[in-house]
Amino acid sequence: MPTLAIPRPSEAELKRTNQVFYDGLWSGARLVDPARFNTWPMVRDLAMALPRRLEIAPGLRPRLPLDGTYFVDISQAALHALREHGVSAVRASISALPCPDASFDLVCALDILEHVRDDEGALRELTRVAAPQARLLLSVPLHESAWTAFDEFVGHYRRYEPAQIVERLAAHGWMVEQSAIYGMQPTSTTLLNLGQWYLSHQRERAMWWYNRVIMPLGLRLQKPLRWQPGLPSSEGVDEVLLLCRRA
């Protein structure tokens, strides 16, 4: 099978794509309470035991509790909405976190590592701000063979092979304790292409449907996460959620 040719934008192009897409997305969206996501049972237990918490790039879909968590995002629209809810949030990227070393016991970085050109630098930052024995909740899309035009549209730089992400985490001192199949992206290519067209050409109408129909329906149809030790076979899995411990 020939190797899939994945577009590799420059760092400036990647930043511009992510900034434009997510500012546009969050400016028309509503904050969803973390307790409405299927990550909540695990997050609730972790948060009770780990009070120093950081979530990176939550947008308006935070997974950690709003009370007591420090949030970092690049989108001014998301930051404004988070602050309206009394949340402590600052503008920064995963590549340069405005946080002291070893300052958090729980770090959450969902749907972000694939957007960064220098993911090694991002992993170094995650490790730098994590205290000894800290936990990391991380999600990444899997399999370059599963790349679609939607990946490019939303500002992805890569997808990871399962062994690759485990090895990279281990190189920075993280061990994958548990994993679960994750993600709310439709499996239908037709639906993805239709959503991409509406976001590009009729954003206001697309956001109305997203906020009032698609997101509530997606939340209602979520299935409980099925956690497994380590990262088992992931053939056919589009995205995975990892719970890691800093060694």
Side-chain angles (χ1 to χ4, degrees), residues 11 14 18 34 39-58 62-65 68-74 88-90 92-144 156-183 225-234 237-247:
E11 186 169 357
L14 190 64
N18 281 293
T39 50
W40 184 246
M42 172 68 80
V43 164
R44 178 186 55 210
D45 293 343
L46 288 171
M48 289 178 64
L50 305 169
R52 299 187 301 167
R53 304 185 299 268
L54 168 69
E55 184 165 357
I56 302 160
R63 299 307 200 272
L64 299 191
T69 300
Y70 188 65
F71 293 93
V72 167
D73 207 292
I74 64 168
S88 178
V90 299
S93 75
I94 191 174
S95 302
L97 297 171
C99 312
D101 295 356
S103 52
F104 296 103
D105 305 305
L106 175 60
V107 179
C108 181
L110 305 187
D111 303 313
I112 178 61
L113 204 60
E114 62 271 21
H115 291 269
V116 181
R117 185 182 178 97
D118 180 15
D119 59 340
E120 287 292 333
L123 285 169
R124 281 195 298 272
E125 275 293 272
L126 291 176
T127 306
R128 179 184 67 80
V129 302
Q133 299 300 314
R135 299 295 186 87
L136 170 65
L137 201 59
L138 180 75
S139 70
V140 293
L142 296 179
H143 308 298
E144 288 201 348
H156 288 178
Y157 187 78
R158 68 181 63 78
R159 283 175 170 267
Y160 289 93
E161 300 305 324
Q164 178 189 30
I165 187 61
V166 172
E167 290 171 1
R168 292 199 181 187
L169 286 165
H172 290 271
W174 294 98
M175 179 186 68
V176 177
E177 286 192 325
Q178 299 182 60
S179 64
I181 298 173
Y182 178 69
L225 292 173
R226 297 178 60 185
W227 291 95
Q228 303 179 71
L231 180 56
S233 174
S234 54
V237 175
D238 179 74
E239 188 172 6
V240 68
L241 180 63
L242 306 172
L243 177 63
C244 311
R245 180 191 291 272
R246 187 176 180 190

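- Between the side chains of D119 and Y157, no donor-acceptor pair of N or O atoms lies under 3.5 Å.
- The backbone N or O of D111 sits less than 3.5 Å from a side-chain atom of S139, completing a donor-acceptor pair.
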Determine, stepwise, if the pair I165 / V240 fulfils side chain to side chain contact (heavy atoms under 4.5 Å, CB included). CA-CA 11 Å; I165 187 61; V240 68; 5.6 Å; no

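- S179 places a side-chain N or O within donor-acceptor distance of the main-chain N or O of G230, the cut-off being under 3.5 Å.
- How far CG of L142 is from CD of Q164: 10.0 Å, rounded to the nearest 0.5 Å.
- To the nearest 0.5 Å, atom CG of residue L123 and atom CG of residue D118 are 9.0 Å apart.
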Does M42 form a side chain to side chain contact (heavy atoms under 4.5 Å, CB included) with L241? I'd like the steps, not just the answer. CA-CA 11 Å; M42 172 68 80; L241 180 63; over 6 Å; no

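- With hydrogens and angles disregarded, a donor-acceptor distance shorter than 3.5 Å links the side chain of E55 to the backbone of L64.
- Look at E11 and R117 and you find no salt bridge, because none of the NZ, NE, NH1 or NH2 atoms lies under 4.0 Å from a carboxylate O.
- Taking 4.5 Å as the limit, some side-chain heavy atom of W40 sits within range of a side-chain heavy atom of P65.
- The CZ atom of R135 lies 9.0 Å from the CG atom of L106; values are rounded to the nearest 0.5 Å.
- Looking at F104 and L50, their side chains never come closer than 4.5 Å, going by heavy atoms from C-beta outward.
- A heavy-atom distance below 4.5 Å is found between the side chains of R246 and T127.
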Side chain to side chain contact (heavy atoms under 4.5 Å, CB included) between Y70 and V90: does it pass, once the steps are laid out? CA-CA 8 Å; Y70 188 65; V90 299; 3.2 Å; yes

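- To the nearest 0.5 Å, atom SG of residue C108 and atom CZ of residue R53 are 11.0 Å apart.
- Annotation: side chain of P58 is in contact with side chain of D73 (closest heavy-atom distance under 4.5 Å).
- Counting only heavy atoms from C-beta outward, the side chains of V107 and E125 never approach each other to under 4.5 Å.
- Atom OG1 in T39 sits 10.5 Å away from atom CG in L46 (nearest 0.5 Å).
- Atom CD of E177 sits about 5.5 Å away from atom CG of L243, to the nearest 0.5 Å.
- Counting only heavy atoms from C-beta outward, the side chains of H143 and R159 never approach each other to under 4.5 Å.
- In this structure a side-chain-to-backbone donor-acceptor pair under 3.5 Å is missing from E144 to E161.
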What's the verdict on side chain to side chain contact (heavy atoms under 4.5 Å, CB included) for L126 and H172, showing C-alpha distance, side-chain angles and the deciding distance? CA-CA 9 Å; L126 291 176; H172 290 271; over 6 Å; no

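- Looking at H115 and H156, their side chains come closer than 4.5 Å, going by heavy atoms from C-beta outward.
- When all heavy atoms of C244 and W174 are compared, the pair lying nearest together is CB-CE3, 4.0 Å.
- Side-chain contact check for L113 versus Y160: some heavy-atom pair is nearer than 4.5 Å.
- Pairing each heavy atom of Q133 with each of A247, the nearest pair is NE2-C, 4.3 Å.
- Nearest approach of L225 to I181, heavy atoms of both residues: CD2-O, 3.4 Å.
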